Amino acid sequence: MKFAVVVFPGSNCDHDAYYAVEHVLGQEAAFVWHKDTSLGGADVVVLPGGFAHGDYLRTGAIARFSPIMQAVQAFADAGGPVLGICNGFQVLLEAGLLPGAMLRNRSVKFQCEHVFVRVEQTHTPFTMACRQGQVLRIPIAHGEGNYYAEPAVVERLEQNRQVVFRYTTAAGEVTDAANPNGSVHNIAGLCNERRNVVGLMPHPERACELAVGSADGLLLFDSVVRALTQGVLATAR
Amino acid sequence: MTAIEQAIAQHGLTREEYQRIVERLGREPTLTELGIFSVMWSEHCSYKSSRVHLRTLPTTGKRVLQGPGENAGAVDIGDGLAAVFKIESHNHPSFIEPYQGAATGVGGIIRDIFTMGARPIALLNSLRFGPLDDPLVRRTFAGVVAGIAGYGNSIGIPTVGGEIAFDESYTGNPLVNVFCLGIARADEIVRGVASGAGNAVYYVGAKTGRDGIHGATMASAEFDERSAEKRPAVQVGDPFMEKLLLEACLEVMKTGALVGIQDMGAAGLTCSTCEMGSRGGAGVEIDVSLVPQRESGMTPYEIMLSESQERMLLVVRQGREAEVERIFDKWDLHAVRIGTVTTDGRLRVRDHGSLMAEIPNAALTDEAPVYHRPMARPRYLDEAQQLSLAALGAPAPPKEVFLRLLASPGVASKRWVYRQYDHMVRTNTLVVPGMGAGVVRIKGTTRALALSLDGNGRFAYLDPFAGAQLAVAEAARNVACAGGQPIGATNCLNFGNPERAEIMWQFARAVEGMGAACRALEIPITGGNVSLYNETDGRAVLPTPVIGVVGLLEQAEHAVRRAFRTEGDAIVLLGEARAELGGSEYVKVMHGLVRGVPPVLDLAREAALQRVLIEGASSGVIRSAHDCAEGGLAVTLAECCFDTGLGADVRVPALEAAVADYADVAALFGESASRVVVAVSAERTAELLALAAREGVPAEVIGRVGGERIHLAVSGRTVVDERLADAERVWSSGIDRYFERQQAIA
C-alpha cells in the first residue's frame, strides 16, 4: 500500500509521517513535493503538520494554492482516503475540503502536550480499527487549533456524524477542562460528508510507539490499511 | 575630540587598537575598513579578553571529530555518525527585544549546526531572569519563551530540555543561552573554508537590510538607561526562510559540489568572508553591489556589517555552479554569485568594481588583539563567603520551608514554559523537558543521546572555580542519571565587564574550574561561546558559566527517567550529605541571601557515582534516578513522586550542623554535591548496593515508594508529611501564578 506524504515548504512533520508509515506500519511511503502535479499512484494521501509557507498569513492559506492541491482535490473527489494532520488539517479547511476555520488557542499560546480524544465515528477509513467511544492518548502541538464554524455548520456536522474526534478526559467525558484550545463542541477532528477526508489537530504520527509516549495513533494508520485491503472504501463511496 | 577620535570611539575601538590597524594596513583605514575591523575585533567576535584563558580547556579526546574553531564541535557516536553541537548566547538582544532577540538566538545556533552538514534534531536552552514579581521581568520572560517557541516550533526542531533560574542581578540583563545538536555522517562533515582559486563565492538566503548593524559591538558593551535606543541593532527572525535554507543546504551538501559554507551570524558578511578565507588559507573577493538588498541606497559599510538573519555564504567548486543553483531554485531560494576565491589571503571588497576595502584575513582573525587583562580577587568574597546560621535566627518549620521551596520559581515546575515548545516533533524524544536530561533516540541505530545544560550563578558568585566545577559535575550527573556516558561538552560563559579586574578574576577562575572538572571526568569541550559585558548601569550579573553535556546511551531502551514507577520499590540515596547550605535555594528563598561557600566537590567520587549510574541503567537495576540539586533531598524526592503520583516514605539521614537548630534544614534542603536518589526493586536492591560498594560510592536504602503522601522523617521524628496532590499543586503553580491574571483577561 502506498502513502503519499505531501511536502510543502515549511512542512516539518513530513519525516515523522513518513517514518510512521514506512518503519512502524511497514507500508510504503513517498514524499510528494508541493510543486508536483501528480500523487504518483498513491493509495492514501497524508498532509503532514508544520508551518506551510511559514503560516504568516492564516495557517494553510497559501498552501491551498500549491499545484499538488489540485491532485489532492481530484483524489478526494474520487473517494481516495486523505488524512490532514494539524497544519494539514488547516490546509484542508482553507482548501474547502473540510468546513470551518481555526482560531488561535484560547490560551493565546502554542501548546505541546498529550491530550485525550474520543473516537466519535468508526465509519471512516481512518477510524474503522477503533472502537466507538474509544479514548486515545495523542499529543497536540499547535498555536491555532481552536476549531470554529458557524452554529448551523456545527449543527450539520453533528447531524451528519462528521465529528470524528472530540477532546475528552481520560475517562471519555466531554468537559471544558479537557478542551485544550477552546474548540467548539470540543471538536478535535472531523470528516467530509463522503467520509473519506479526515482532518484532526492531534498528531497520530507522533503516537505510534510506546517509546515516545503512546502507540494509540497507530490505530489511524492501521484503519486505513484495513479499509483499503477489505475494500470498505468502496462501500463508503 | 577630533573627527577621527570620534570615529574610533563610535566603533568601540581604543586608540591603541586603531594604531594597530594603521600599522597593519600601512595606511589609514577607509570607513568601510574601520567598520570591518571594529566588528572583527569586538569582544564578541575576537574573544580578545577570554582567549588566553580558553586555551587551557581540554578539547581533545578519542571521540572528538571537531574541536573549537569551527561553526560547531563534533563527536563520534558510532555507526559512522557524528553528534554536532554547540551553545551560544543571545543575552543582549533578548533584553532589548525579548521575542526577536531570543528567536534569532535560536536561528543562529541552528545555522551553526546545519552548516556543518548535520540535521538538527534537538534544542535546549538555559535562561536567567530577575524575580517574576517585577512586571518588566515578566514581560521579558514571556517574550523570550515565546520567541524561542516561535522559532523552534516553526522550523520543526524539538526543544527537549534546559534550565531556568532567577536572581535580581539578571533583572536588567537576562541570559538566553541556546544549545542545538544535529546528526551528520562522520565522514561528511562540512567545514567553513574557502579554498581553490577561482571557485565561486555564493550568497543565499534572506536579503540584506540595515538591521543588526553593530550587533556584535552592542554585545560587547554594558547597558545603561539608553539601551532601548539600540533596538534597531536587534535583528528580526524568519524561521520559514531558515527552514528552506536548512533543507536546501543539506540537499546541496549531498552533491559534493561545496568546498565550504558558513552562516552569516554576528558581523555578517564580514565575518563569514574573512573567517572562511583564513581557515582555507585563501583570499575572498566580493562585490557588494551583487549582494541582494532589502533596502535601497545601502553603503558598502552597511552591507558588510549588516546582521540580517537567515543568510549563508557558500564556496562552490568550479563547474558545479548550475547544479547548486538548481537545488536552491527548487526551494524558491535565490543563490547569487557575489565573488571569487583568490590566492592572496586577503579580504577584498568592491562596490561596482571600485575597491572599498582590502585587508589581510589574518589581521582580522588570528592577529586580532589578545589581552591579558588584569585580575583581582573580588573584595565582596570574604564577606559573602561567611554564612552565619546563628545570625539567621530560628529556622521556619520544615513543612513550611518545603512548600515555600516547591513554590519558588527556580524549583517549581517549568511546564508553563516547555508546554509552549514543541518538544515531540521528529518523534525521537524519549525523555521530555522538565525531567532532568532530555533524551533523544537516533533513528536507524539502537542508540540515544542524553543532553543536559547546567549552571549555578550563586555558586559561581561565591566561588567561581567551585561553581564552574559544580556545573560540569551536575550536567554530567544529569546525563549519567539518564544512563548516558558523557562524551563531549560545550560551554557558554556569561560574565560582566572584563575590563574590571574583579570580573576578569571571576572569569579566569571559572575557566580553570571548568577545565579541571572536564579533565577529571574526561569530557572534552568541543566549542562554545563567551558573553561578556553582561552589566546594566555598572551592576554585573552573577557570574554564570553554563555547560552543556552530551551523553551516549548504547541502547535507547535503557534510558532512565526520574519518576518513581512501582509501588514498593526501595528508595536508595547514592552519595553522602554534609551540612552544606552555602549558596543554596534555602538561604536565597527563606532569607534572601546569596552567602556561604558552595558545596564541596570530590571529582573522583563524582566520577565513581556516574559509573554506578551508567552501569545501573544499562543492567536495568536502576528503575529511576534523579540528582539532588536546588532545594536538596526533600525537593528531589518530591519531584520523583510528582510525575506518576506515587508517594514516598523516607528516613532522611540525620546531620550535625554548626547550629543545632539547623540540623534538619541541612539534612532536608542542603545541596551537597554528588548525590542521586534512585529507585530499585526489592529483589535487586542488594545488587545495586554491591555495585555502589564496588565503586566506593556510599549507598543507603532510605525508604519505600508508595502511598499518596510524601512522608519524611529525621531520626524517627516526622518533619514533612504532606498529601502529594497538595504539594504538587504548589509546585505546579509556582510559575503559572505570576501569569494567571493575564490569562483570565485573555
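Predicted, not measured: the structure shown is a model, and the values here were computed from it. Numbers restart at 1 for each chain; the letters A, B, ... are given by sequence-line order, proteins then strands.
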Is it true that the NZ or CZ of B:Lys443 lies under 6.0 Å from the centre of A:Tyr19's six-membered ring and within 45 degrees of the ring axis?
-> yes
If you draw a 6.0 Å radius around [atom1] in [X], do more than 12 non-hydrogen atoms from other residues or ligands fall strictly inside?
X	atom1	value
B:Arg565	CZ	no
B:Glu323	CD	yes
B:His334	NE2	no

Between atom [atom1] of [X] and atom [atom2] of [Y], what is the distance when rounded to the nearest 0.5 Å?
X	Y	atom1	atom2	answer
A:Ser214	B:Met424	OG	CE	10.0 Å
B:Ser154	A:Phe110	OG	CZ	9.5 Å
B:Asp238	A:Tyr56	CG	OH	3.5 Å

Go through B:Glu557, B:Arg441, B:Arg415 and name the one with the most non-hydrogen pairs under 4.5 angstrom from chain A.
-> B:Arg441
Chain A interface, residue from B:Glu247, B:Gln420, B:Met241 that has the most non-hydrogen pairs under 4.5 Å | B:Gln420
Closest non-hydrogen contact found for A:Val212 with B:Thr427 is CG1-O, 3.6 Å
Classify the ring geometry between B:Phe240 and A:His53 as parallel (under 30°), tilted (30 to 60°) or perpendicular (over 60°).
-> tilted
Where the side chain of B:Asp422 meets the backbone of A:Cys112, is there a donor-acceptor pair that is under 3.5 Å apart?
-> no
For the side chain of A:Lys35 and the backbone of B:Lys330, is there at least one donor-acceptor N/O pair under 3.5 Å apart?
-> yes
Relative to chain A, which segment of B:Leu430 carries a heavy atom at a distance below 4.5 Å: side chain, backbone, both, or neither?
-> both
Sort out for me which of A:Glu209, A:His15, A:Glu205 touches chain B most, counting heavy-atom pairs under 4.5 Å.
-> A:Glu209
Kindly indicate, with the supporting measurements, whether the criterion side chain to side chain contact (heavy atoms under 4.5 Å, CB included) is fulfilled by A:Asn12 and B:Ile155.
-> CA-CA 7 Å; A:Asn12 64 31; B:Ile155 200 165; over 6 Å; no
